[in-house]
Amino acid sequence: MENCLFCKIIKGEIPSAKVYEDEEILAFKDINPMAPVHILIIPKNHIDGADMLNDENSAVVSKIFAVASRLAKENSLDNGFRIVTNVGVNGGQTVRHLHFHLLGGKKLNTALC
Ligand code: 5GP
Ligand code: ZN
């Protein structure tokens, strides 16, 4: 999608530190890490956010979770990790392209909101 930051990262127009890629999914390091491991996992097909998921486009989400599990193992997150997706203004979503934060490498704050 035009003018979408993450679509530009997918197309290679903006550089990123990629850690996983296949036909449907890209994972790269967050530019402003909130934990020792902070990876963003995104579908290559533009979806605005979790509020726009439906029966037709949501299969990729299970694949994203499988990639998250794989990346957690690769990063030795044996003591646990967190997967977060922010949605819309109230959810704190700043990039309107569906993405899942994989956070770990320290004891994370337990506050949910
Ligand atoms: P959100 O706030 O939408 O849930 O998460 C967006 C995330 O994208 C933020 O954690 C932010 O640090 C990250 N981010 C924003 N711009 C860039 C960028 O150009 N490159 C990378 N790697 N991450 C970015
Ligand atoms: Zn996009």
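Below, each value reflects all heavy atoms present in this structure, side chains not excepted, and no hydrogens, waters or symmetry copies. As the structure lists them, so they are numbered: ligands from 1, and atoms in each ligand from 1.
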Original post:
Taking the side chain from Gln93 and the backbone from Asp48, do they hold a donor-acceptor pair closer than 3.5 Å?
Top reply: yes
**OP:** Please check if atom CG in Asn90 has more than 12 non-hydrogen atoms from other residues, nucleotides or ligands closer than 6.0 Å.
**Re:** no
**OP:** Would you confirm whether Asn75, through its side chain, and Leu77, through its main-chain N or O, come within 3.5 Å as a donor-acceptor pair?
**Re:** no
Original post:
Short list, please: which atoms of ligand 1 are under 4.0 Å from a heavy atom of His101?
Top reply: 1 (P), 4 (O), 5 (O), 7 (C), 10 (O)
Original post:
Can you name the one residue among Ile39, Val37, Leu71, Leu102 that meets side-chain contact (heavy atoms from CB on, under 4.5 Å) with Phe81?
Top reply: Leu102
Subject >> Heavy-atom side-chain proximity of Phe100 to Val61 below 4.5 angstrom >> reply: yes
Original post:
Taking C-beta and beyond as the side chain, do Ile42 and Phe28 meet within less than 4.5 Å on heavy atoms?
Top reply: yes
Original post:
Which N/O/S atom belongs to His97 and is the closest one to the Zn ion (ligand 2)?
Top reply: ND1
Original post:
At under 4.0 Å between heavy atoms, which part of Met34 makes contact with ligand 1: side chain, backbone, both or neither?
Top reply: neither
Original post:
Within a radius of less than 6.0 Å around NZ of Lys107, do more than 12 heavy atoms belonging to other residues, nucleotides or ligands occur?
Top reply: no
Original post:
Nearest protein heavy atom to atom 1 (P) of ligand 1, by residue and atom, and its distance?
Top reply: His99 NE2, 3.1 Å
**OP:** Give, for atom NE2 of His38 and atom CG of Leu103, the distance between the pair rounded to the nearest 0.5 Å.
**Re:** 4.5 Å
**OP:** Taking only heavy atoms of Asn86 into account, list the atoms of ligand 1 that are under 4.0 Å away from them.
**Re:** 1 (P), 4 (O)
Original post:
Side chain, backbone, both or neither: which part of Phe100 comes within less than 4.0 Å of ligand 1 when only heavy atoms are counted?
Top reply: neither
Original post:
Relative to atom 21 (C) of ligand 1, which among Ile31, Asn32, Leu40, Leu103 owns the nearest non-hydrogen atom?
Top reply: Ile31
Original post:
Quick one: angle Cys7 SG - the Zn ion (ligand 2) - His46 ND1, to the nearest 10°?
Top reply: 110°
Subject >> Numbered atoms and elements of ligand 1 in range of Phe6, under 4.0 angstrom, heavy atoms >> reply: 8 (O)
Original post:
Is it the side chain (CB and beyond), the backbone, both or neither of Thr85 that lies under 4.0 Å from ligand 1, heavy atoms counted?
Top reply: neither
**OP:** Look only at interatomic distance and state if His38 has a nitrogen or oxygen under 3.5 Å from any nitrogen or oxygen of ligand 1.
**Re:** no
Original post:
N/O to N/O below 3.5 Å, does that happen between Gln93 and ligand 1?
Top reply: no
Original post:
Purely on distance, is any nitrogen or oxygen of Val95 under 3.5 Å from one on ligand 1?
Top reply: yes
Original post:
Under the 3.5 angstrom rule, does the side chain of His97 hit a backbone N or O of Lys44 as a donor-acceptor pair?
Top reply: no
**OP:** Provide, to 0.1 Å, the distance between atom 12 (O) of ligand 1 and the closest protein heavy atom, together with that atom's residue and name.
**Re:** Asp30 OD1, 2.5 Å
**OP:** Please write down residue, atom name and distance for the protein heavy atom closest to atom 2 (O) of ligand 1.
**Re:** Thr94 OG1, 2.9 Å
Original post:
Is the closest N or O pair between Leu5 and ligand 1 shorter than 3.5 Å?
Top reply: no
Original post:
With no hydrogens and no angle check, is any side-chain donor or acceptor of Ser69 less than 3.5 Å from a backbone partner on Ala66?
Top reply: no
Original post:
Considering only protein heavy atoms, which is closest to atom 22 (N) of ligand 1, and at what distance to one decimal place?
Top reply: Lys29 O, 2.9 Å
**OP:** Check whether any side-chain N or O of Asn57 sits under 3.5 Å from a backbone N or O of Met52 as a donor-acceptor pair, and report yes or no.
**Re:** yes
**OP:** State the atoms of ligand 1, each with its element, that fall below the 4.0 Å cut-off from a heavy-atom position in Phe28.
**Re:** 21 (C), 22 (N)
**OP:** Look at atom CG of Asn54 and say whether more than 12 heavy atoms of other residues, nucleotides or ligands are closer to it than 6.0 Å.
**Re:** yes
Original post:
Under a heavy-atom criterion of less than 4.0 Å, does Gly92 contact ligand 1?
Top reply: yes
